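Scroll down for the structure; my scribbles are underneath it.
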Number of protein chains: 2
Amino acid sequence: MRETSHELGADLQAAVARIYSRFRSERSDGELGDAAVGVLIALAKSGALTLTELSERARVTTGSMSQTVNRLVAGGYVERDRDPADGRRMLIGATPAGAEIAAAARAHRRSWLDARLAELTPAERATLAEASALIRRIADS
Amino acid sequence: MRETSHELGADLQAAVARIYSRFRSERSDGELGDAAVGVLIALAKSGALTLTELSERARVTTGSMSQTVNRLVAGGYVERDRDPADGRRMLIGATPAGAEIAAAARAHRRSWLDARLAELTPAERATLAEASALIRRIADS
DNA sequence: TATTGTTATACTCTATAACTATA
DNA sequence: TATAGTTATAGAGTATAACAATA
């Protein structure tokens, strides 16, 4: 198949939208939503981050992120601390409860997907691994 | 590379989340949101659909879809007509204005992605084409 | 002045539950 | 009774604009 579809953009977008919708419907009905769990996962990976850093990673405005952090603080999942080196900055860090939620959410979110991937052939999994890297590259370009 | 990453599930999910977030930030700020445009695109592909069909395709409840259709009706983008064959069913169809929005939204949503895909090698595009089909299969399984 | 962050307001999207109408 | 759809209510997520504090 040397000739790839001229509809690749449409196909890829449709596939992404479809599986993303599936992720949403498969997710556990915990007390926290997508954006809030995304913050906890970012903090688990990188340690404490400023509000601006969090908003850039999620590609939302600082106003939006500040409100997501408000919800997390209210639930006791993160703490805000003023940066001693720059009084304008707030460092947002996960509490033990928040770190626990992040680990559990990552495991649960992937259980459905991992089961599906196990049904594929090794070659198919290799294709998806290469595609994941390509998609990341495109998304971050 | 016979050994694919044991983190494939995490990698794939992260890649999908990342590009989906990018789609969102690249989308035009039209008057209609994602769900509403999704309905118009479904109607453009399939013609008039019932509320239940629309809600199943979007994987949302009929209550949610009814409200999305309300917004589309208010804007003049779709019409509700009672199914003559079954008085319980409503057939939702796009108006000319709705069909126009669907076509424009599809083209615009893809313009950023198509530009990125054009920068890839043919082999990379082939990988993404195969991966798209695999992702669709997983999402619909 | 520029940067960082917060809040008020408003909108989209979604779910649940109670409801009506038709089969 | 079962199916199809609507509405009321509530909550997450987001954006914009106005604002305060710090650099």
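Below, chains carry the letters A, B, ... as their sequence lines are ordered, and counting in each starts from 1. The model shown is predicted, which means the values in this text are computed figures rather than measured ones.
Between the side chains of B/T68 and B/R71, at least one donor-acceptor pair of N or O atoms lies under 3.5 Å. Looking only at atom types and distance, the side chain of A/T61 has a donor-acceptor partner in the side chain of A/S64 under 3.5 Å away.
We find that B/R106 and B/D114 are not joined by a salt bridge, their nearest charged nitrogen and carboxylate oxygen being 4.0 Å or further apart. By the 4.0 Å N-to-carboxylate-O rule, B/R18 lies close enough to A/D140 to be salt-bridged with it. Looking at A/E124 and B/R137, a side-chain N of the basic residue comes within less than 4.0 Å of a carboxylate O on the acidic one, giving a salt bridge.
Residues of residues 63-81 of chain B having a heavy atom closer than 4.0 Å to DNA chain C, listed by number: B/S64, B/Q67, B/R71. Listed by residue number, the members of residues 41-60 of chain A with any heavy atom below 4.0 angstrom from DNA chain C are A/T50, A/L51, A/T52.
Ring geometry for A/Y20 against B/Y20 counts as parallel: the plane angle stays under 30°, on a 0 to 90° scale with 60° as the upper cut.
At a threshold of 4.5 Å between non-hydrogen side-chain atoms, the residues A/L128 and B/I138 count as touching.
A donor-acceptor pair is defined here as one N or O able to donate and one able to accept, closer than 3.5 Å; such a pair exists between the side chain of A/E53 and the backbone of A/T50. Here the side chain of A/R59 pairs no donor or acceptor atom with the backbone of B/S21 at under 3.5 angstrom.
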Provide a list of protein-nucleic acid N or O atom pairs under 3.5 angstrom, restricted to nucleotides 19-23 of chain C.
from: C/dA23; atom 1: OP1; to: B/G87; atom 2: N; distance (Å): 3.0
from: C/dA23; atom 1: O4'; to: B/R88; atom 2: NE; distance (Å): 3.4

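Rounded to whole angstrom, the span from the CG atom of B/D83 across to the C1' atom of D/dA4 amounts to 11 Å. What separates CG of A/L91 from C1' of D/dT22 is a distance of 15 Å, to the nearest Å. Atom CZ of A/R24 is separated from atom C1' of C/dT14 by 8 Å (rounded to the nearest Å). Summarising the geometry, the separation between CG on B/L40 and P on C/dC13 is reported as 11 Å, rounded to the nearest angstrom. In this structure, B/R89 places its CZ atom 13 Å from P of D/dT6, rounding to the nearest Å. For the pair A/M90 CE and D/dA21 P, the interatomic distance rounds to 14 Å; values are reported in whole Å.
Considering only side-chain N and O atoms, A/T61 lies nowhere under 4.0 angstrom from the phosphate OP1 or OP2 of D/dT14.
Rounded to the nearest 0.5 angstrom, B/R57 CZ and B/L43 CG are separated by 8.5 Å.
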- In sequence, state the C-alpha distance, the side-chain angles, and the governing distance for A/R89 and A/T52, and then conclude on side chain to side chain donor-acceptor pair (under 3.5 Å). CA-CA 9 Å; A/R89 290 198 176 93; A/T52 296; over 6 Å; no
